[in-house]
Amino acid sequence: MQIQVVDYQDKDAGKLFVQSLRETGFGVLINHPIQQELVESIYKNWYEYFSTEEKRELSFDPEKQDGYFSTEISETAKGHAKKDIKEYFHVYPWGRIPEQLKEEILTYYDNASELAAELLDWVEKYGPENVSSKYSEKLSNMIKDTPNTLLRILHYPPLSGDEEPGAVRAAAHEDINLLTILPAANEPGLQVQKQDGSWVDVPSDFGSLIINIGDMLQEASGGYFPSTSHRVINPSGKASEKSRISLPLFLHPRSEVVLSERHTQRSYLLERLKELGVK
């Protein structure tokens with residue numbers, strides 16, 4: 001199992017990227033259009049925001065799922081008993097966003113969503129015709145004008161040593177959505193599970209873009225594109241004293257989009273949110 005690092009400028013980039021997704025559930029892009037300076041600025045500004053009590057003024061709305069989620073109410077991964085060691089903020093363009101951070105984070109949201117549409121076109125173009133014919137509409141059209149695509153700013157705080165035994169930064173899980181787009185975090189720790197059950201580090205040089213398949217694309221492709229289990233492990237030594245900031249964009253179709261005979265986006269999402277204990 002080899003996650004491919006693909007040069008976005010390469011003439012065969014689309015083909016190589018989709019091949020990596022098919023084989024591993026993950027692909028890594030370098031020389032992509034997302035500006036590294038923008039990502040670094042977001043990491044810095046949101047780290048400062050998470051360091052203040054102001055974050056609690058925008059506590060999450062259980063119905064809309066926007067706003068700040070504290071470590072006390074963090075997710076519990078499906079099949080796990082311990083909450084992840086993380087806090088995070090959910091950004092939707094229609095949702096509540098700290099005023100001083102709004103313009104920058106929405107610029108990133110728009111840029112990453114534009115790239116996402118291109119990546120979904122690659123998935124459709126370079127997947128087998130009998131798989132592409134399963135989609136109820138073009139994959140890139142599924143996210144057009146969607147209110148559901150979620151940008152999550154994650155903060156994994158330094159480890160204090162008082163953590164609940166067995167708790168980790170992000171327990172093994174699969175994502176719910178079509179694709180997840182993630183700039184390499186400011187600290188390592190992301191791992192993907194191989195078919196034999198062992199774990200390997202995801203290539204995460206600062207400046208690269210990590211993309212993985214979510215359950216909705218697995219559902220829509222009839223299982224051809226695998227939603228692969230991944231996790232964020234706890235660091236050790238000096239690294240445990242550092243915060244980790246992460247910025248995943250979860251591509252969600254519009255609510256009415258048909259994924260399969262069994263599910264629309266909405267029915268699938270509600271099922272999974274209940275399993276995660278946040279609905």
Side-chain angles (χ1 to χ4, degrees), residues 21 25 58-69 73-78 88-97 102 105-125 127 131-154 173-182 211-228 230 246-279:
L21 282 186
L58 296 178
S59 286
F60 86 106
D61 181 320
E63 284 306 309
K64 295 179 179 175
Q65 294 281 312
D66 67 328
Y68 169 70
F69 293 70
I73 55 168
S74 179
E75 288 175 316
T76 303
K78 183 179 174 181
Y88 49 95
F89 197 101
H90 278 184
V91 167
Y92 297 97
W94 48 260
R96 297 165 301 153
I97 306 169
K102 191 169 188 175
I105 203 69
L106 289 181
T107 296
Y108 176 82
Y109 186 102
D110 290 343
N111 292 352
S113 295
E114 190 176 324
L115 175 62
E118 181 180 13
L119 300 183
L120 287 170
D121 283 339
W122 284 1
V123 168
E124 193 160 341
K125 180 178 180 181
V131 172
S132 298
S133 66
K134 294 179 189 292
Y135 306 136
S136 61
E137 59 186 271
K138 275 176 63 73
L139 288 177
S140 58
N141 198 58
M142 289 182 181
I143 63 166
K144 185 173 169 52
D145 300 324
T146 178
N148 301 324
T149 286
L150 163 65
L151 180 59
R152 175 183 282 180
I153 303 100
L154 277 155
H173 65 283
E174 299 82 44
D175 290 346
I176 303 171
N177 41 288
L178 287 173
L179 287 179
T180 302
I181 296 181
L182 176 73
I211 296 96
N212 66 274
I213 294 167
D215 292 346
M216 289 184 184
L217 182 54
Q218 178 174 274
E219 181 80 16
S221 67
Y224 180 83
F225 286 108
S227 178
T228 312
H230 52 285
S246 180
L247 192 62
L249 182 75
F250 301 105
L251 301 180
H252 278 275
R254 301 180 314 281
S255 301
E256 73 277 8
V257 166
V258 174
L259 297 174
S260 66
E261 290 180 357
R262 299 184 300 170
H263 280 296
T264 62
Q265 186 275 351
R266 180 172 175 75
S267 71
Y268 200 97
L269 180 63
L270 286 175
E271 186 179 282
R272 289 298 306 276
L273 288 178
K274 284 175 184 168
E275 290 171 350
L276 288 170
V278 293
K279 192 69 176 171

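Among residues two or more places apart in sequence or in another chain, the side-chain hydrogen bond (donor to acceptor under 3.5 Å, both in side chains) test is passed with Q218 by none. With sequence neighbours excluded, no residue forms a salt bridge (charged side-chain N to carboxylate O under 4.0 Å, His left out) with E124. Remark: S260 pairs with E219 by the side-chain hydrogen bond (donor to acceptor under 3.5 Å, both in side chains) rule, at least two apart or across chains. Looking at residues two or more places apart in sequence or on another chain, you find a salt bridge (charged side-chain N to carboxylate O under 4.0 Å, His left out) between K138 and D121. Taking the ring pair (Phe, Tyr, Trp, His ring centres under 6.0 Å) definition, one finds that Y68 meets it with nothing, sequence neighbours left out. F250 meets the ring pair (Phe, Tyr, Trp, His ring centres under 6.0 Å) test with no other residue; sequence neighbours excluded. When the salt bridge (charged side-chain N to carboxylate O under 4.0 Å, His left out) test is applied to D61, no partner is found at least two apart in sequence or on another chain. Residues satisfying the ring pair (Phe, Tyr, Trp, His ring centres under 6.0 Å) test with H90, not counting sequence neighbours, are F69, Y88. Applying the side-chain hydrogen bond (donor to acceptor under 3.5 Å, both in side chains) rule to S221 yields no partners; only residues at least two apart in sequence or on another chain are considered. Residues passing the salt bridge (charged side-chain N to carboxylate O under 4.0 Å, His left out) test with E137, sequence neighbours excluded: R254.
The closest side-chain donor-acceptor pair between D175 and S227, if any, does not fall under 3.5 angstrom.
Checked options L151, T180, L182; the residue passing with L249 is L151 (criterion: side chain to side chain contact (heavy atoms under 4.5 Å, CB included)).
Using a 4.5 Å heavy-atom threshold, the side chains of N177 and H252 count as touching. Looking only at side-chain heavy atoms (C-beta outward), P226 and I213 come within less than 4.5 Å of each other. Side-chain atoms of H173 and H230, non-hydrogen and from C-beta on, do get closer than 4.5 Å to each other. With contacts defined as side-chain heavy-atom distances shorter than 4.5 Å, the pair L179/L217 qualifies.
In terms of heavy atoms, G95 sits closest to D66 at CA-OD2, 3.6 Å. The heavy-atom pair separating T228 from G25 by the smallest distance is OG1-CA, 3.2 Å. Residue Y135 comes nearest to M142 through the heavy atom pair CB-CE, 4.3 Å, listed as atom of the first residue, atom of the second, then distance. Between G127 and S132, the closest heavy-atom pair is O-OG, 3.9 Å. The nearest pair of heavy atoms linking Y268 to M216 is CD2-CG, 4.1 Å. Heavy-atom minimum distance, Y92 versus N148: CE2-O, 3.5 Å.
Separation of atoms CZ (R272) and CD1 (I176) is listed at 4.5 Å; rounding is to 0.5 Å. L251 contributes atom CG, which lies 11.0 Å from atom OG of S140 (distance to the nearest 0.5 angstrom). Rounded to the nearest 0.5 Å, atoms CD (E256) and OG (S136) are 9.5 Å apart. The CD1 atom of I211 sits 7.0 Å away from the CG atom of L115 when rounded to the nearest 0.5 Å. Rounded to the nearest 0.5 Å, atoms CD (Q265) and CD1 (I143) are 12.0 Å apart.
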List the atom pairs, with distances to 0.1 Å, where a side-chain N or O of residues 105-113 and a protein N or O form a donor-acceptor pair under 3.5 Å, not counting sequence neighbours.
residue: T107; atom: OG1; partner: E103; partner atom: O; Å: 2.9
residue: Y109; atom: OH; partner: T149; partner atom: O; Å: 2.6
residue: S113; atom: OG; partner: Y109; partner atom: O; Å: 2.8

ask   = Given V91 and K102, is the side chain to side chain contact (heavy atoms under 4.5 Å, CB included) satisfied, shown in steps?
value = CA-CA 9 Å; V91 167; K102 191 169 188 175; over 6 Å; no
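Atom CD of E114 has 12 or fewer neighbouring heavy atoms from other residues, nucleotides or ligands inside a 6.0 Å radius.
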